[in-house]
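Single-structure report; data block below.
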Amino acid sequence: MALEAIRSALESLLREMGVAEPVVGLERPRDPDHGDLATNVAMTLAKSLKRPPRQIAEEIANRLDLAAAGVSAVEVAGPGFLNFRLTSGAVASVLDDIVRAGESYGRGDAGGGERVMVEFVSANPTGPLHLGHGRQAALGDVIASLLDRTGWKVHREYYYNDAGAQIENLARSVWARYQERFGRAAEVPEGGYHGAYVSDIAEAFAAEVGERWVGDDSAEALDAMRVFAVKVIREEQDRDLADFRVRFDEYYLESSLYVDGGVERTVQALRDAGFVYERDGAVWLRTTEFGDQKDRVMIRSNGAPTYFLPDVAYHVGKWNRGYHRVINVQGSDHHGTVPRVRAGLQALGLPEGYPEYVLHQMVRVERDGREVKFSKRAGSYTTLRELYELVGVDVARYFLLMRKPDAHVVFDLDVALDQSEKNPVYKVQYAHARMCSIFAKAGMDPEDVSPGSAGGRDADLSLLSHDHERELIKRLGEFPETVERAAAQAAPHLVCDYLEQTAGAANSWYHAGNPARNPELAVLTDDPDLRTARLVLTRAVQIVLNNGLTLLGIEAPRRMDRAEADEPA
RNA sequence: GCGCCCGUAGCUCAGCUGGAUAGAGCGCAUGCCUCCGGAGCAUGAGGUCACAGGUUCGAAUCCUGUCGGGCGCACCA
């Protein structure tokens with residue numbers, strides 16, 4: 001609307017002024033003194049036009065006629081910025097767009113319906129999920145949602161490493177606990193798993209098969225335990241993720257790559273490509289050819305493939321399944337694998353930056369400024385379930401999302417357990433509930449608002465001219481571009497940031513209308529026209545907060561039912 | 001030693017891919033408030049954007065180097 005009108009008017013004027021291909025960047029200044037929209041074109045063109053930026057800006061300001069686009073003033077400022085002020089009606093017109101779009105406000109089509117795969121969590125089935133997996137689950141899930149919202153066809157995938165050495169260690173660990181269960185002396189092997197859950201698995205296994213494998217360390221025995229243990233752990237991980245509101249479209253088993261010949265085909269293809277050689281009895285891939293720091297072993301001298309090989313086979317498979325854009329979410333402790341997997345893929349002719357990676361730092365839980373570990377189940381680490389059962393899924397998801405992936409997350413339990421608005425999750429949820437309660441107070445439903453009217457009465461949105469209102473409306477208008485940017489950067493924290501800012505603006509607006517002090521600023525003020533316009537704004541705030549929270553997989557409650565403060569003092 | 005990531009307010013962190021006087025929350029200091037929904041609201045103090053160079057109209061942002069922190073450098077995953 002106003003934005004596009006200004007842009008096209010500027011572009012045609014610049015052509016008249018001798019600019020062949022004008023590129024007009026319009027931004028929303030953070031300082032209200034700088035107007036509602038601003039552009040720096042005069043500065044970027046100063047060099048090619050060989051004129052001082054302010055002079056160019058003056059000419060543009062004088063020749064531009066934008067009254068029809070809702071522009072009330074054009075000013076030249078600073079080194080050559082052009083600042084546009086909009087009429088309050090033009091500013092507020094976005095509210096009708098929001099109300100009209102409803103739950104789809106914020107959707108975009110940047111993806112053009114293309115397919116993209118997000119692979120995340122992909123934990124070894126050797127134990128319960130920990131906090132790092134939790135961060136990955138939250139990140140991957142929301143990145144997928146962001147892509148979905150911006151027009152991509154998204155596939156969520158979980159890769160199970162169910163074929164490697166770690167699984168053997170798990171099987172041996174269960175074997176040891178199983179023997180102990182029947183009074184036999186046995187020890188968890190080097191590199192094995194010591195968590196309580198291993199004993200639970202051994203116990204469950206014993207309940208199923210009895211004493212059948214006591215004293216038996218044959219391959220058959222280990223195989224039985226491996227199959228059983230993986231099944232139990234997979235089920236537990238699935239439960240933990242489902243309760244964390246994370247679901248996948250596909251679970252891809254590493255073992256299937258051996259069964260269906262994918263690994264063998266990949267070896268052959270790499271040989272054919274001419275980057276394979278043998279040394280010291282092992283088979284190597286010349287990954288240095290593609291920027292890796294050193295060549296990598298694909299098949300060890302004992303004949304067993306390294307992890308690297310099925311990983312390459314897996315990613316070739318992704319490409320062949322039609323996913324030409326793939327985002328892998330991984331802990332940054334695995335960043336060393338990135339160049340070598342990409343090198344393997346390039347050797348087979350896949351493009352250089354394939355796949356993309358989102359690497360995240362680790363999670364640390366603190367209370368009173370000190371690290372806490374409260375795991376019973378896994379022994380050495382805190383599990384994801386333990387965390388969200390303590391603080392709730394909404395809080396856990398939000399806290400794991402609110403920092404950019406590059407940064408460490410300090411999970412502050414003092415804040416997480418606080419139910420006041422100091423807790424950012426509740427701050428946003430309260431703001432949403434507050435909007436809903438205004439409608440309850442007005443005796444209507446949020447759905448009773450339509451574009452241009454509320455409760456059946458026509459709304460004059462140009463009445464929303466108070467500073468708090470303009471500020472709030474401006475923010476609401478930025479939601480789609482925030483989603484767009486968050487999707488493009490695979491950065492959910494931008495949405496968190498946005499929601500906190502918007503909730504803050506909504507709260508300021510709301511509190512300014514405290515009936516005891518400024519009844520004329522209250523939403524439900526006596527003036528029926530103001531009241532109607534403000535109800536449209538209330539509805540728009542509610543929609544945006546709801547859409548943002550939903551995008552993050554967090555509840556947008558209509559009422560806040562505070563949990564009883566019944567913890568012993 | 002080599003590679004990747006990170007150094008922004010007392011603390012935890014944003015900063016829209018180069019724009020205007022660097023922002024938010026917590027904490028701190030004042031002053032309000034039993035209010036359309038709760039420990040809330042308003043205002044304020046607080047910065048050499050690790051350091052040093054460079055690129056240009058303009059740098060927290062890009063380039064080089066230094067210092068500090070994390071992670072990785074297996075015929076483990």
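None of the values given here were measured: they were computed from a predicted structure. Below, chain A is the first sequence line, B the second, and so on; all start at residue 1.
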Select one nucleotide: of B/A77, B/C75, B/A20, the one nearest the side-chain heavy atoms of A/K294.
B/C75
Any strand, both distances under 3.5 Å, Watson-Crick or G-U wobble: B/C2 pairs with B/G72
Taking syn as any angle within 90 degrees of 0 and anti as the rest, which one fits B/U30?
anti
Per A/R403 side chain, nearest of listed nucleotides B/G19, B/U12, B/A77
B/U12
Complement of B/G58, any strand, by Watson-Crick or G-U distances under 3.5 angstrom
none
Does the structure show a Watson-Crick or G-U wobble partner for B/A50, both distances under 3.5 Å? Name it, or say none.
B/U66
For the CZ atom on A/R172, are there more than 12 heavy atoms of other groups (residues, nucleotides or ligands in this structure) within a distance under 6.0 Å?
no
Filtered N/O pairs between nucleotides 34-36 of chain B and protein, under 3.5 Å:
from  : atom 1 : to     : atom 2 : distance (Å)
B/C35 : O2'    : A/N514 : OD1    : 3.4
B/C36 : N4     : A/Y510 : O      : 2.4

Name the pairing partner of B/A45, where a pair is Watson-Crick or G-U wobble with both distances under 3.5 Å, or state none.
none
Between OH of A/Y193 and P of B/A77 the distance, given in whole Å, is 11 Å
Is A/Q330 reaching over with its side chain to a backbone N or O of A/L359, donor-acceptor style, under 3.5 angstrom?
no
Report the base-pairing partner of B/A24 (Watson-Crick or G-U wobble, both distances below 3.5 angstrom), or none.
B/U12
Figure out the CH2/C1' separation between A/W284 and B/C75, and round it to whole Å.
7 Å
Nucleotides 3-6 of chain B: which of its N/O atoms have a protein N/O under 3.5 Å away?
from : atom 1 : to     : atom 2 : distance (Å)
B/G3 : O4'    : A/Q293 : NE2    : 3.3
B/G3 : N2     : A/H335 : NE2    : 2.5
B/C6 : OP1    : A/D406 : OD2    : 3.4

Could you tell me how far apart A/D412 (CG) and B/C13 (C1') are, to the nearest whole angstrom?
13 Å
Selection from B/G72, B/G25, B/C75 that lies nearest to any side-chain heavy atom of A/S301
B/C75
A/D36 vs A/R470, salt bridge (Lys or Arg N to Asp or Glu O under 4.0 Å): CA-CA, chis, key distance, verdict
CA-CA 9 Å; A/D36 299 300; A/R470 286 178 71 105; 2.9 Å; yes
Should A/V391 and A/Y398 be marked as a side chain to side chain contact (heavy atoms under 4.5 Å, CB included) after you check the CA-CA gap, both sets of side-chain angles, and the distance that decides it?
CA-CA 11 Å; A/V391 303; A/Y398 193 93; over 6 Å; no
Can you tell me how the ring of A/Y252 sits relative to the ring of A/Y314, calling it parallel under 30°, perpendicular over 60° and tilted otherwise?
tilted
Any side-chain N or O of A/R340 less than 4.0 Å from the OP1 or OP2 oxygen of B/C73?
no
Using only modelled atom types and a 3.5 angstrom limit, is any donor from either the side chain of A/D333 or the base of B/G72 paired with an acceptor on the other?
no
Is B/G37 paired to anything, Watson-Crick or G-U wobble with both distances less than 3.5 Å, and if yes, which nucleotide?
none
Winner on side-chain proximity to A/H34, out of B/A77, B/A20, B/G72, is B/A20
Considering only side-chain heavy atoms of A/T44, which listed nucleotide, B/A20, B/C76, B/G19, is closest?
B/G19
Under 4.0 angstrom, heavy atoms only, what part of the nucleic acid is A/H408 near: base, sugar-phosphate, or nothing?
sugar-phosphate
Where the side chain of A/K422 is concerned, which of B/A77, B/G27, B/A20 is the nearest nucleotide?
B/G27
Quick one: A/D414 CG to B/A39 P, roughly how many Å, whole number?
19 Å
I'd like the C1' distance from B/G47 over to B/A9, given in whole Å.
6 Å
Checking only heavy atoms, does the side chain of A/N169 share a donor-acceptor pair with the base of B/A77 at less than 3.5 Å?
no
Against the side chain of A/N161, the closest entry in B/A77, B/G38, B/A20 is B/A77
How far, in whole Å, is B/C36 from B/G15 if one measures between their P atoms?
39 Å
Sorted by number, the residues of residues 478-490 of chain A with heavy-atom contact under 4.0 Å to RNA chain B
A/R485
Rounded to the nearest Å, what distance is computed from the CD atom of residue A/E366 to the C1' atom of nucleotide B/C11?
10 Å
Would you say that more than 12 heavy atoms from the other residues, nucleotides or ligands in this model lie under 6.0 Å from the CD of A/Q55, or not?
yes
Specify whether A/Y381 and A/H130 have parallel, tilted or perpendicular ring planes, treating 30° as the upper limit for parallel and 60° as the lower limit for perpendicular.
perpendicular
State whether the aromatic ring of A/Y430 stacks on the base of B/G37, taking stacking to mean ring centres under 5.5 Å apart and ring planes under 30° to each other.
no
Can you tell me how far C1' of B/C76 sits from CZ of A/R296, to the nearest Å?
13 Å
If you measure from the P atom in B/A60 to the same atom in B/U8, how many Å do you get, rounded?
15 Å
Starting at atom CD of A/Q429, determine the distance to atom P of B/G37, rounded to an integer number of angstrom.
19 Å
Taking atom types as modelled, is there a side-chain donor on A/D394 or A/Q429 under 3.5 Å from an acceptor on the other?
yes
Only residue of A/H315, A/E356, A/E157 satisfying side-chain hydrogen bond (donor to acceptor under 3.5 Å, both in side chains) with A/N328 is A/H315
Nearest to the A/S508 side chain among B/A39, B/C76, B/A42, which nucleotide is it?
B/A42
A/E471 vs A/R475, salt bridge (Lys or Arg N to Asp or Glu O under 4.0 Å): CA-CA, chis, key distance, verdict:
CA-CA 6 Å; A/E471 166 67 19; A/R475 288 198 180 278; 3.0 Å; yes
Without decimals, in angstroms, what is the distance between A/N423 CG and B/G38 C1'?
15 Å
